[in-house]
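Working notes, structure below.
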Amino acid sequence: QHRVIFDTDPGLDDAVAILFLLGASADIELLGLTTVAGNVGVELTTRNARIVCEWAGRGDVPVYAGADRPLVQPYQGAEHVHGASGLDGTPLHEPAMPVRAEHAVDFIIDTLRREPAGSVTLCPVGPLSNIALALRRAPDIAARIGRIVLMGGGYFAGGNMTPAAEFNIHTDPHAADIVLRSGAPIVMLPLDVTHQATTTPARVELLRGLSNRCGPLAAALLTSLERYDVQKLGQDGAPMHDPCVIAYLLRPELFRGREVNVVVELAGHYTTGATVVDWHGESGRAPNALYLSEVDADGLFQLMADALSHLP
Ligand code: BDR
Ligand code: CA
């Protein structure tokens, strides 16, 4: 069983990832959800995380609010993609479940220090502000992290915020730099993978056709995501980003990639926030990440539908 801290900025695809995670509770133990400013501000991502937990009947999940801005850069959201609420196109309510008093960064540090070394997986699917702040405040945790399995970056596919940079890395590049240099084992699910995991009508139908509440909700979230991306990319469905992290935990054999060196551009004229991936080993820098580049997308959606079928 994986033991996971899920760090997130819901966000439409974040919300689908949370449902996927909760549906996979036989294989994944969720130690806590930590929220960060990203797609929308942290007040809203914290609210949305709780709304999604309540959709799944999981008001017991501990939710911790985290960083309200990137380490250095000014905060900039993605309301143009996810809507003003962060969960546009879904039935929202005021969540009844509490936000824990502890700050997300403290929760991450305390959990890693308390649990056996190597036993906790961090899954960040937003800007890496919380993880970087935790590493800066408590450098000893780097050696205690089992793995960091993150959604972020892009190389072959380019960027989605600028021609060179992906949103999560671009939003807080300094945080990404700290994480990539931390020495913790890292698995990256970049745009190269998520642009293969497209929400084609047949795949979304798998979710909409489930005879529960959460399947159709996940379909609604993905359909809402398409408003923006399908138009922009002109293809049969939008890229589905954050759920890829959960799929990788459950079935790594659905993915392919390489152990490579990855650094973040912090001072480019046109490329700030780009992930520079040494795919051909040209830099002489040691590998610091397993960089995934291919996925069996039909297998991924089937896995997700199976997990979601366990929810109310
Ligand atoms: C990432 O950016 C966010 O908008 C999505 O939730 C995802 O985590 C994709 O670039
Ligand atoms: Ca996200």
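Quick caveat, the model's predicted, so the values are computed rather than measured. Atoms within a ligand are numbered from 1 in the order they appear, just like the ligands themselves.
Ligand 1 places these atoms under 4.0 Å from at least one heavy atom of Met151: 1 (C), 7 (C), 8 (O), 9 (C). Close approach to Glu166 involves these atoms of ligand 1, each under 4.0 Å from a residue heavy atom: 1 (C), 2 (O), 9 (C), 10 (O). Within ligand 1, counting atoms from 1 as listed, the ones closer than 4.0 Å to a heavy atom of Phe167 are 2 (O), 3 (C), 4 (O), 10 (O). Listed by atom number, the atoms of ligand 1 under 4.0 Å from Asp14 heavy atoms are 6 (O). The atoms of ligand 1 that sit less than 4.0 Å from any heavy atom of Asn160 are 9 (C), 10 (O).
Within the coordination shell of the Ca ion (ligand 2), defined by N, O or S atoms under 3.0 Å, Val125 is present. Among the atoms of Asp13, no N, O or S atom falls under 3.0 Å of the Ca ion (ligand 2).
Where the criterion is an N or O separation shorter than 3.5 Å, residue side chain and backbone included, Gly126 fails it with respect to ligand 1.
Only side-chain heavy atoms of His82 come within less than 4.0 Å of ligand 1; its backbone N, CA, C and O stay farther off. Residue contacts with ligand 1, taken as heavy atom pairs separated by less than 4.0 Å, involve Asn39 solely via side-chain atoms from C-beta onward. No part of Thr194 comes within 4.0 Å of ligand 1, judged by heavy-atom distances.
The name of the N, O or S atom in Asp9 nearest to the Ca ion (ligand 2) is OD1. Taking the Ca ion (ligand 2) as reference, Asp242 places its N/O/S atom OD2 nearest.
Arg208 and Thr223 are linked by a side-chain donor-acceptor pair at a separation below 3.5 angstrom, with hydrogens and angles left out of the test. Between the side chains of His174 and Gln73, no donor-acceptor pair is found at a separation under 3.5 Å. Side chains of Asp278 and Ser283: a donor-acceptor N/O pair is present below 3.5 angstrom, by distance only.
Two residues are said to be in side-chain contact when any heavy atoms from C-beta on lie closer than 4.5 Å; Thr162 and Tyr270 fail this criterion. A heavy-atom distance below 4.5 Å is found between the side chains of Cys123 and Leu249. Side-chain atoms of Val16 and Met304, non-hydrogen and from C-beta on, do get closer than 4.5 Å to each other.
Note on Glu102 versus Arg100: no salt bridge recorded, every NZ/NE/NH1/NH2 to OD/OE distance being 4.0 Å or above.
By the 30° and 60° cut-offs, the orientation of the rings of Phe107 relative to Tyr64 is parallel.
Considering only non-hydrogen protein atoms, atom 6 (O) of ligand 1 sits nearest to Asp13 OD1, 2.6 Å.
For the atom pair CG (Leu150) and CG (Asp7), the distance works out to 10.5 Å, reported to the nearest 0.5 Å.
Closest heavy-atom approach to atom 8 (O) of ligand 1 among the candidates Val245, Asp242, Leu189: Asp242.
When all heavy atoms of Thr45 and Val36 are compared, the pair lying nearest together is OG1-O, 3.1 Å.
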